[in-house]
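In what follows, a structure is listed as structure tokens, so that the remarks can point back to it.
We're numbering straight along the sequence, starting at 1.
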Amino acid sequence: MSGTTTATAPSGRRVPRSQEGANRWLVLVVLCVSLLLVAVDATVLHVAVPAVTEDLKPGGIELLWIVDVYPLVCASLLILFGTLGDRVGRRRVLLLGYALFGVASAVAATADNAQVLIAARALLGVGGAMIMPATLSILRQVFPDRRERAVAIGVWSAVAGIGAAGGPLLGGFLLEHFWWGSVFLINIPLMLVSLPIGRWLLPESTGDRNGPWDVVGALMAAGGLFGLVFAVKRAGGGESPFGMTTLLAFTVGTALLIGFVRRQRRRKHPLIDLSMFARPAFSTSLGCIVLAMLALVGLELVAAQYLQLVLGLSPLETGMRLVPLTVAAMAAGLAGSKLLHRFGPRTMVASGFTLTAVAVLVLTGMGDKLNDPLLLISFVLLGLGLQTTLFGSYESMLSEAPPSQAGGAAAIGETSYQLGAGIGIALLGSVMNAAYAPGLSSVPGVPAKDSGAAGHSLGEAYEVASRLGGNAGAALRNAARESFVHGLHVTLLVSAGLLLLGALMALRLPRTMECGAAEPEPETQPEPQPEPGIPAPRDATAVAAESVR
């Protein structure tokens, strides 16, 4: 794909290419705001889960859908919208994503039942799938020099960390003063600001438009990813992995993805250049992103419930406990460029994984009593380690892909991020349930039916205990707390194992950060000067770009 980047002044006049460099940092600010919106929405609901459970009374599977449908839909559609942006313009798709995100947020905020909230979260996932690939692919185009791009990715990843870790803090603040729907309503003013500013400042960016857009291939990729993650999610929700629905979803999803790969190999103009996966640095970076998110996103949801339901913290107090993680993540992202240049991708990513695993193991020292010093140490290490890992992985992945394939590489990278997040919630949720439920199977004085209901989640256990009352209710509540802490410890150990596996995988990355000359963009090539009186020939790509605009 030959990338084309053009900039337009607020008045509609073309900005001279010599001035575009001065505006690229403003472009980065807009892209970071876009990313912040999506990252916050991925985690802001976590502290609101108890409030949503109390108000809408969702079942165990519905609760998993409420939390997980956003990353599931987003992961399924990233390749579709990433490659569509290559065709019609990434800025266009980004702005459409802004609008859809705002509408879906309004629907989610006013949902009066679990089904409406699930549908609204799915629409948010569609909007997120439009926004996320555009931020990285535009960043890749406007920062052709790797040193500058590393700084930009450092800022970008710091914002991602702020959004993911700051989401619970923002959610906690809102829940202290408003109802749970306010965690979605906050998106609307951000959209109202982002739409005009994005249209005014962002350059349009397109990829290779040779040959027809493979609509069938895009739908195959979306369907395959959806089916695969859906199967894992059902297994994580307590369903049998050998059940008919789970097996059917897994089989259909896998078959569609295999068909997608074969189709791309046969096509002259594929959606995704599969030869990128043959590059060790590219494929290893993707694997590191998946493992980092798989180990940590599900853990974050469990931890939010632990802080509120076991330790009895309010949503705001829960968010405040995550502030050190946010600050550490921001610091690691801003220092990432210097660290990468000094130590290289291999050492940086492997060290980040190891540091994160240490932070997770430190958390196993938590019991049913609040220990703020232990939380502080573990969350600081967690923020530093996770952000170091993601920064090094993203920078290596984007730099390994040619500039002409920025859109496809960005879509693949964000798909890996969201796929890891979706699978992580399901997988670690399954581990948590498997370790938690057996402790409630034989509580003295509690009927078997009530014990079974309490084994679905800690929130349900508290509801059953309140209904029973007396000694039986108190015994059930204490057993549920102890079982949840035990389940948390098991989940932490599994997460640490996944993170150490990621550290081993990172050993395949390059030792050093190779910084060559800035990669030239196609439009920067000198054009032949016409003879006097003869109009200059127009480049076909420029004509096509203007026709889209």
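- Atom CG of L339 is separated from atom OG of S351 by 9.5 Å, given to the nearest 0.5 angstrom.
- Screening residues 370-394 for salt bridge (charged side-chain N to carboxylate O under 4.0 Å, His left out), with sequence neighbours left out, gives R321-D372.
- Here the CG atom belonging to L124 is positioned 9.0 Å from the CG atom belonging to L117, to the nearest 0.5 angstrom.
- Remark: N371 pairs with M366, P373, L374 by the side chain to side chain contact (heavy atoms under 4.5 Å, CB included) rule, at least two apart or across chains.
- In terms of modelled atom types and a separation under 3.5 Å, the side chain of Y306 and the main chain of F484 share no donor-acceptor contact.
- Scanning both residues, A461 and L476, for their nearest heavy atoms gives O-CD2, 3.9 Å.
- Applying the side chain to side chain contact (heavy atoms under 4.5 Å, CB included) test to V327 and every residue at least two apart in sequence or in another chain returns V323.
- R121 places a side-chain N or O within donor-acceptor distance of the main-chain N or O of I66, the cut-off being under 3.5 Å.
- Here the straight-line distance linking atom CZ of F379 with atom CG of L384 works out to 13.5 Å at 0.5 Å rounding.
- Considering only residues two or more places apart in sequence or on other chains, T284 meets the side chain to side chain donor-acceptor pair (under 3.5 Å) condition with R508.
- Not counting sequence neighbours, the partners of F277 by the ring pair (Phe, Tyr, Trp, His ring centres under 6.0 Å) test are F282.
- With R346 contributing its side chain and L507 its backbone, the two residues share a donor-acceptor pair below 3.5 Å.
- With hydrogens and angles disregarded, no donor-acceptor distance shorter than 3.5 Å links the side chain of S105 to the backbone of I188.
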Candidate pair L370 and L375, rule side-chain contact (heavy atoms from CB on, under 4.5 Å), full reasoning: CA-CA 9 Å; L370 180 61; L375 277 180; 3.8 Å; yes

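- In this structure, CG on L94 lies 10.5 Å from CE on M130, to the nearest 0.5 angstrom.
- With sequence neighbours excluded, the residues satisfying side chain to side chain contact (heavy atoms under 4.5 Å, CB included) with V358 are V362, L381.
- Counting all heavy atoms, side chain and backbone alike, L361 lies closest to A496 at CD2-CB, 3.7 Å.
- When all heavy atoms are compared, the tightest approach of S396 to G392 is OG-O, 2.9 Å.
- Taking the side chain as every heavy atom from C-beta outward, V107 and L123 never approach each other to under 4.5 Å.
- For S76, there are no side chain to side chain donor-acceptor pair (under 3.5 Å) partners at least two apart in sequence or on another chain.
- When all heavy atoms of G128 and L78 are compared, the closest pair comes out as O-CD2, 4.5 Å.
- Minimum heavy-atom separation, S393 to T389: OG-O, 2.8 Å.
- Listed for the T347 side chain is no donor-acceptor partner under 3.5 Å among the backbone atoms of G344.
- For the pair S483 (side chain) and A479 (backbone), a donor-acceptor distance under 3.5 Å is present.
- Under a 3.5 Å cut-off, the side chain of Y70 and the backbone N or O of A120 do not form any donor-acceptor pair.
- Y98 meets the ring pair (Phe, Tyr, Trp, His ring centres under 6.0 Å) test with no other residue; sequence neighbours excluded.
- Residue pairs meeting the salt bridge (charged side-chain N to carboxylate O under 4.0 Å, His left out) criterion with at least one partner in residues 481-503, sequence neighbours excluded, do not occur; the list is empty.
- Across all non-hydrogen atoms, the minimal contact from P345 to P510 is CD-O, 3.4 Å.
- A search for side chain to side chain contact (heavy atoms under 4.5 Å, CB included) contacts involving T388 returns A332, M348, not counting sequence neighbours.
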